[in-house]
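Read the structure below first, then the notes.
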Amino acid sequence: MGKVLAVMRAKEYSPGSVEKDEAIMLAVTTRLQTMGYETEVVYDEQIGAVSGSFDIILSMARRPETLSWLRLQGGRCINSPDGVARCRRSVLQQVMASTDVPLPPCEGSDGYWLKRGDTSVGLTKDDVVYAADEAALQQMKKMFRQRGITDMVVSAHVAGDEIKFYGVRTTGFFRCYHSTVDGVHHPFSVDDLHQTVERLAAAVGIDVYGGDVIVRQDGTFCIIDFNDWPSFSRCRDEAAEAIVGLVSSVDI
């Protein structure tokens, strides 16, 4: 068996999910240890103190400094630093458009969502805001610029069911759940959604992914969020097994 480095996510990039993010990584490393892998677990902020070489790196890191460090390492990295960088919303939107992944429209009659574009997630509650109309959107853009944020992503609000999805690319593992249990849930093809997000994950270059999709009344859907290595809180044990399977498939 090989030597594995597991990099926990920095707390600033894990708003409201620190313990859940830790839990999925520890679920993976515990299983790897029982299989005979030598594992070392560090936090994103501690990466400068890491020495030695590793056969496989499991990384939840999002800090630019850590992504730069990871690019210099040998061996396989799950998720790859370049793939994580492409999860930045403004870059991701370009990747989605180029791979025909269904996006929310730019214009609509139900308002807009304005999101910080230089990260894959909102670091504060003010990084993702709803604007009821064009005038409100312009005002919120002004507020973003006052905070020093010039990289922004705008999309029209899409009515429908919000569904969270989780997957581990090429393993067959894919789960999706309605964000709320109330209301009428529109039928849709889980297989089509799985194939779509697998295609997106391949284009972005990450293996462990999650996100959010809106399913319209007619069953069509659009991806509103896609990010690297979620907490898998609703399917942690199954996800951990899938990630371990992915690790064990790597030639060392």
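- The two atoms that bring Gly172 and His194 nearest to each other are O-CE1, 4.1 Å, heavy atoms only.
- With 3.5 Å as the limit, one finds a donor-acceptor pair spanning the side chains of Asp218 and Thr220.
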* Asked: Step by step, would you call Cys222 with Arg216 a side-chain contact (heavy atoms from CB on, under 4.5 Å)?
  -> CA-CA 8 Å; Cys222 58; Arg216 302 180 183 91; 3.9 Å; yes
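- Between Phe188 and Phe221, the two ring planes are perpendicular [angle over 60°; tilted spans 30° to 60°].
- Looking at heavy atoms from C-beta onward, Gln138 lies in side-chain contact with Glu134 at the 4.5 angstrom threshold.
- Listed by first then second residue, pairs satisfying side chain to side chain donor-acceptor pair (under 3.5 Å) with a partner in residues 39-54 read Glu22-Tyr43, Gln33-Thr39, Asp44-Arg63, Asp44-Thr66, not counting sequence neighbours.
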* To do: Take Lys142 and Arg145 through the test side-chain contact (heavy atoms from CB on, under 4.5 Å) and record every step on the way to the result.
  => CA-CA 5 Å; Lys142 180 179 179 181; Arg145 288 190 288 268; 4.1 Å; yes
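- A distance-only check finds no donor-acceptor pair linking the side chain of Ser14 to the backbone of Ala10 [under 3.5 Å].
- Across every non-hydrogen atom of Met140 and Ala131, the tightest pair is SD-CB, 3.8 Å.
- Dense packing is recorded around CD of Glu65, with more than 12 heavy atoms of other residues, nucleotides or ligands lying under 6.0 Å away.
- Distance check: Glu238 CD to Arg175 CZ gives 4.0 Å after rounding to the nearest 0.5 Å.
- Rounding to the nearest 0.5 angstrom, the gap separating the NZ atom in Lys3 from the CD atom in Glu38 is 5.0 Å.
- Rounded to the nearest 0.5 Å, atoms CZ (Arg169) and CZ (Arg199) are 13.0 Å apart.
- Ile57 contributes atom CD1, which lies 5.0 Å from atom CD of Gln73 (distance to the nearest 0.5 angstrom).
- A donor-acceptor pair under 3.5 Å is absent between the side-chain atoms of Gln139 and the main chain of Ala135, judged by distance alone.
- A salt bridge is absent between Asp127 and Arg89: the closest approach of a Lys/Arg side-chain nitrogen to an acidic carboxylate oxygen does not fall below 4.0 angstrom.
- With contacts defined as side-chain heavy-atom distances shorter than 4.5 Å, the pair Asp55/Tyr37 does not qualify.
- Minimum interatomic distance between Trp229 and Ser59 (heavy atoms only, all atoms of both residues): CE3-O, 3.5 Å.
- Without hydrogens or angle criteria, Asn79 side chain to Asp207 main chain gives a donor-acceptor distance under 3.5 Å.
- In this structure the side chain of Phe165 reaches within 4.5 angstrom of the side chain of Ile223, judged on heavy atoms.
- There is a path of hydrophobic side-chain contacts, each under 4.5 Å, that joins Ile56 to Ile24.
- By the 6.0 Å contact criterion, CD on Glu19 is open, its count of non-hydrogen atoms from other residues, nucleotides or ligands being 12 or less.
- Heavy atoms only, all atoms of each residue included: Arg71 and Ala85 are closest at NH2-CB, 3.8 Å.
- Taking the six-membered ring where tryptophan is involved, the planes of His178 and His185 are essentially parallel, since the angle between them stays under 30° and well short of 60°.
- Following chains of ILVMFWY side-chain contacts shorter than 4.5 Å, one can reach Phe173 starting from Tyr177, so the two form part of one hydrophobic cluster.
- To the nearest 0.5 angstrom, Trp113 atom CH2 is 12.5 Å from Leu137 atom CG.
- Closest heavy-atom contact between Asp21 and Pro230: OD1-C, 4.3 Å.
- The shortest side-chain heavy-atom distance between Arg76 and Val247 does not fall under the 4.5 Å cut-off.
- Looking only at side-chain heavy atoms (C-beta outward), Lys20 and Phe232 stay at 4.5 Å or farther from each other.
- Ile243 and Met35 fall within the same hydrophobic cluster, where Ile, Leu, Val, Met, Phe, Trp and Tyr residues are linked whenever their side-chain heavy atoms come under 4.5 Å apart, directly or through other members.
- Between Val84 and Arg62 the shortest side-chain heavy-atom distance falls below 4.5 Å.
- A 4.5 Å side-chain heavy-atom check between Pro104 and Ile214 finds every atom pair outside the cut-off.
- Hydrophobic clustering keeps Ile163 apart from Val158 (ILVMFWY residues linked when any side-chain heavy atoms are closer than 4.5 Å, directly or through intermediates).
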* Residues Leu103, Ser155; criterion side-chain contact (heavy atoms from CB on, under 4.5 Å); working and verdict -> CA-CA 9 Å; Leu103 283 158; Ser155 59; over 6 Å; no
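- Of the possible polar contacts, none joining the Ser80 side chain to the Cys77 backbone as a donor-acceptor pair under 3.5 Å is found.
- For the atom pair CZ of Arg116 and OG of Ser90, the computed distance is 11.0 Å after rounding to the nearest 0.5 Å.
- In this structure, Leu200 and Leu92 have side chains that are in contact, with non-hydrogen atoms separated by less than 4.5 Å.
- A salt bridge links Arg31 and Asp237; the closest N-O separation between the charged side-chain nitrogens and carboxylate oxygens is under 4.0 Å.
- Using a 4.0 Å cut-off between a side-chain N of Lys or Arg and a carboxylate O of Asp or Glu, Arg88 and Asp151 qualify as a salt bridge.
- Two different hydrophobic clusters hold Ile224 and Val101 under the rule that ILVMFWY side chains link at heavy-atom gaps under 4.5 Å.
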* **side-chain contact (heavy atoms from CB on, under 4.5 Å) assessment of Val4 paired with Leu58** => CA-CA 7 Å; Val4 177; Leu58 303 177; 4.0 Å; yes
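- The cationic group of Arg147 lies under 6.0 Å from the six-membered ring centre of Phe144 and within 45° of the ring axis, placing it in a cation-pi geometry.
- Using a distance-only test at 3.5 Å, with no hydrogens or angles considered, a donor-acceptor pair links the side chain of Thr29 to the main chain of Leu26.
- The heavy-atom pair separating Ala203 from Val95 by the smallest distance is CB-CG1, 3.9 Å.
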